Every structure is written in C-alpha cells, then in structure tokens.
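First the structure, in the form of structure tokens, and then the observations on it.
Predicted, not measured: the structure shown is a model, and the values here were computed from it. Keep in mind that the numbers below use all heavy atoms, side chains included, and drop hydrogens, waters and symmetry copies.
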Amino acid sequence: MKNNTTNYIIFGASGDLSRRYLLPAIENLQDTNEVGTVVLVSRKDYENLKNLITRDGEKIFHLAIPPLAVAYVVEIISKAFGREKVKIMLEKPFGNDLESAQGLIKHIDKYFSENQIYRIDHYLAKQSMQYVASEKFDRKEIARIEIIASEKIDIEGRVDFYEQTGALKDFVQSHLLEMAAVFLSGSFEASMRHEALKNLEIVCDLRRHECVKRGQYEGYREEVGNEKSMTETFVSINVISKDPAWCGVPITLTTGKALALKFTEIRIKYKNDNEKIFKIEHEPDTYGRVMREAIEGKHDLFVSSGEILETWRILDEIQKTWEKNEDDLVIYPKGSTIDDVMKTS
C-alpha cells in the first residue's frame, strides 16, 4: 500500500529503541513511498506540535518514551490535533501493574477510541510466530509447553529502565504471555488471543522455588548502584489453561539475562517423550511490518486493552507476593544456563 500522505511522528527519537529499530524501519518505508513526512520529536518539542506537523493527512504518533510519560503525551496530542485522522502507537510496558494499567487505559479512552490505539508487541509480527500459529496439534498428546527467551546480554547500562521494570514486566507480561496466547488460540486474531489469555491462571504455589523462580545475575546490584536491589533479571513461572480443550496442560514461561545462550523457543513436549521445538528468530524487518500494519489500519498484530488487563491480572498475585518477600531471590553467575539457575537455592 502506497500512502505517502501519512505523517509518521516518533516521540523519543534519540532513544535506544528508535536508533536500533524505528529509524531504520521508517527509512525503508520512505524509500518505498509507503509513508510521507517523518517528524522526530524530543521532549523540548512537546508543546510545539502544531508548528512541527503542518502537513495534512493521517498522523501516526509512535510513542517510544518511558511509560510514565505516555499519559501526558497522549493528552498533548489530543489538545493539538483532536481525534480526527490520528493513530497512537504505544510501546511496552503498558503500565506497571494491574491498577496502573487500568488507570492508563481509562485515561487514554478519554481522548482516543480503542480503534485508534496500536499497542506494540513486536514478537507478534515475527513470521516465525505466524508459522507456529498455523501449525496443527493433537492437543491430547501434549504433556507440557515451555516458552523460553534466553539472552546473553545483560541490562547494557539501561539502569533506570530496568530497575523500574525487571524481567517479569519486561518480557513475561508482554512477549511470553502473548506468545502463549497465540499458541493456545492458534490465531493472530486479537479476539482469539484475548480469549486464550482469559483462560490462563496461575496454578503454582508461589512459595515454592520450583513453581516461581526469580533470580538476579552476580554484579547487577553494583551495576545499578543499589546494594539492596530486588529487581529480577531471571524469572520462570508456571501457568495453566482453564480451557477444556487444553486439559490442564502446564505451561512454563521462562526468561533471563546474562545467560549462556541467546535463543527464543517454544518447546512442545509430548506424552510419548518426543519434543518439537519452534525457534522464534530475529527478523530485521519486524518493525517495518508493525508500521505497515498500523498505516493500513490492521489490528491483528497489536495488543488490545482487554489483553493488557488479562496479562496484568495473571501476574498480579506474583507481584504482590514479591513485594512481601525478600528471601526468594537467587543470585546466579553470568553465563549460567537456565537449568543452572533453576537449581540454584
């Protein structure tokens, strides 16, 4: 689709996300005439939007900014341009917990309709995830499902972001739960994913390490300058679906930083001890695909407000338990395997 009348406005253009992914993707869309004017907005420009964006046509605002700034920026956009011909693209995390997510959704609803909001989980745009969704399984033969995102990198100097977020919010609340929803529903259709998420519940005893494990790599506290930090860089949780079609098949969601290997996989373990592994690969054009879908007004690769609330509901009890306990965080050496961390006490 050629849409050179579209204005694409990026807030937070100097940040790591924009530099690594958004700017290269938008440059490619300009080269193919799929987008028109591109405007890069910094914090000092927030009150000057009308003078920066003068061209008629649809306006897509991509908010690559800290979560705490989203509510304010949404309000500014509304005051400057109203509702007409406006789309808002939001990056994760969407809130910090169930209560803040509810508040943010309510706030945005005052200014824009749900159909104008595009909440990004770029894992949904990966072609390898679409392949998983197209696969057909004999559910009765599946013993368990493991969804794993292992990273070799540490927090790479993103101290403020990671101290406020941690692995549960950074990866489980968004990517891993959405991947589980896609797998369970066998569809990228937003309503199908929402139903899958509604049917997930925490089934583990939160006091037992083998059910919920949180860890932190050695040296993290010195890196962030907080000797008492309880921020997790590793987390593994067990969930189960209430959907009768899945017959209580356990699902393990695991992610960690500073581990031995980098990979993202969905592992299907069968009752006959066979295993099928789907590798979710890095794909350079993922953000280009996300942007094209928003330009065309398609929502299947984006996350609905209902899905957001369900993911936070699923994790709410874990967060509340962690706030009360400080004796269940394990410290693991950099370069550990996932099995190593799970065995650490």
Side-chain angles (χ1 to χ4, degrees), residues 16-17 20-21 25 91-94 119-135 137 142 144-156 158 161-162 165-188 193 196-197 200 212-215 217 232-239 249-269 275-290 300-303 307 311 314-315 332 334-342:
D16 180 68
L17 175 65
R20 292 174 61 187
Y21 298 111
E91 294 284 350
K92 69 175 182 71
F94 313 102
R119 299 175 186 86
I120 299 166
D121 184 339
H122 68 275
Y123 271 65
L124 297 183
K126 292 176 179 284
Q127 290 181 329
S128 45
M129 271 305 302
Q130 294 177 13
Y131 172 70
V132 173
S134 69
E135 281 281 294
F137 300 94
I142 295 178
R144 65 181 299 107
I145 300 163
E146 297 178 1
I147 303 179
I148 302 169
S150 173
E151 297 187 279
K152 289 184 71 173
I153 61 171
D154 55 24
I155 66 169
E156 295 187 307
R158 297 182 301 160
F161 168 79
Y162 215 82
T165 308
L168 190 74
K169 299 176 187 177
D170 184 38
F171 234 95
V172 178
Q173 182 270 329
S174 52
H175 303 320
L176 298 191
L177 278 170
E178 285 293 338
M179 289 166 69
V182 167
F183 181 86
L184 293 177
S185 64
S187 173
F188 274 83
R193 296 199 309 270
L197 283 170
L200 286 173
V212 174
K213 190 86 165 185
R214 63 168 165 169
Y217 63 75
E232 77 286 353
T233 61
F234 178 97
V235 64
S236 183
I237 69 171
N238 289 343
V239 297
V249 175
I251 305 163
T252 301
L253 309 178
T254 304
T255 187
K257 288 189 173 295
L259 296 174
L261 299 171
K262 174 179 174 55
F263 63 89
T264 302
E265 294 178 349
I266 299 178
R267 300 176 180 174
I268 314 302
K269 297 182 179 292
E275 181 179 66
K276 187 166 187 176
I277 297 177
F278 296 91
K279 293 187 179 295
I280 310 302
E281 307 288 355
H282 170 70
E283 299 171 16
D285 192 41
T286 298
Y287 260 98
R289 205 170 296 134
V290 165
D300 283 353
L301 297 186
F302 296 91
V303 183
E307 288 174 272
T311 58
I314 289 167
L315 301 181
Y332 62 93
K334 284 187 173 185
S336 298
T337 66
I338 289 173
D339 287 343
D340 291 338
V341 182
M342 293 301 291

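- A side-chain donor-acceptor contact under 3.5 Å links T311 and Q173.
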Could you go step by step and tell me if D170 and K92 meet the side chain to side chain contact (heavy atoms under 4.5 Å, CB included) rule? CA-CA 8 Å; D170 184 38; K92 69 175 182 71; 2.7 Å; yes
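- A search for salt bridge (charged side-chain N to carboxylate O under 4.0 Å, His left out) contacts involving K334 returns D154, not counting sequence neighbours.
- Looking at heavy atoms from C-beta onward, F278 lies in side-chain contact with I268 at the 4.5 angstrom threshold.
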Go through K262 and H282 one step at a time and tell me if the side chain to side chain contact (heavy atoms under 4.5 Å, CB included) criterion holds. CA-CA 11 Å; K262 174 179 174 55; H282 170 70; 5.7 Å; no
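- No side-chain heavy atom of S134 sits less than 4.5 Å from a side-chain heavy atom of F188.
- You'll find the side chain of E281 stays beyond 4.5 Å of the side chain of K126, heavy atoms only.
- Rounded to the nearest 0.5 Å, atoms CZ (F234) and NZ (K213) are 8.0 Å apart.
- Nearest heavy-atom pair, A133 versus V182, reported as atom, atom and distance to 0.1 Å: CB-CG1, 3.7 Å.
- Atom CG of L168 and atom OG of S236 lie 11.0 Å apart (nearest 0.5 Å).
- Annotation for I142 and V249: closest pair O-CG2, 3.7 Å, computed over non-hydrogen atoms.
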Verify side chain to side chain contact (heavy atoms under 4.5 Å, CB included) between L176 and I237, making sure each step is shown before the conclusion. CA-CA 11 Å; L176 298 191; I237 69 171; over 6 Å; no
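- Proximity of E307 to F302: side-chain heavy atoms (C-beta onward) are nowhere separated by under 4.5 Å.
- Taking both residues in full, the closest heavy atoms of A260 and G335 are given as CB-O, 3.3 Å, listed atom of the first, atom of the second, then distance.
- With no hydrogens or angles considered, a side-chain donor-acceptor pair links T233 and Y332 at under 3.5 Å.
- Residues T254 and V341 form no side-chain contact, since every pair of their non-hydrogen atoms from C-beta on lies 4.5 Å or further apart.
- Taken from OG1 in T264 to NE2 in H175, the straight-line distance is 9.0 Å, to the nearest 0.5 Å.
- Proximity of D121 to S174: side-chain heavy atoms (C-beta onward) are separated by under 4.5 Å at one or more points.
- One side chain, E283 or S128, offers a donor N or O that lies under 3.5 Å from an acceptor on the other.
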After noting the C-alpha distance and the side-chain angles of F171 and V235, does the key distance pass the side chain to side chain contact (heavy atoms under 4.5 Å, CB included) rule? CA-CA 9 Å; F171 234 95; V235 64; over 6 Å; no
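- The two residues D300 and R193 make their nearest non-hydrogen contact at O-NH1, 2.6 Å.
- How far CD1 of I147 is from CD of E178: 11.0 Å, rounded to the nearest 0.5 Å.
- When the salt bridge (charged side-chain N to carboxylate O under 4.0 Å, His left out) test is applied to K279, the partners found at least two apart in sequence or on another chain are E265.
- Contact of the E156 side chain with the D16 side chain is not registered, since no non-hydrogen atoms from C-beta on lie closer than 4.5 Å.
- Here the closest heavy-atom approach between residue L124 and residue Q130 is recorded as O-NE2, 4.2 Å.
- A donor-acceptor pair is defined here as one N or O able to donate and one able to accept, closer than 3.5 Å; no such pair exists between the side chain of R214 and the backbone of E232.
- Between T255 and V172 there is a side-chain heavy-atom pair separated by less than 4.5 Å.
- Distance check, rounded to the nearest 0.5 Å: NZ of K269 to CD1 of I277 gives 7.0 Å.
- Ring geometry for F183 versus F137: interplanar angle of 30 to 60°, hence tilted.
- Between the CD1 atom of I148 and the CZ atom of R267 there is a distance of 3.5 Å, given to the nearest 0.5 Å.
- Shown here for Y217 and K257, the closest heavy-atom pair between the two residues is CD2-O, 4.1 Å.
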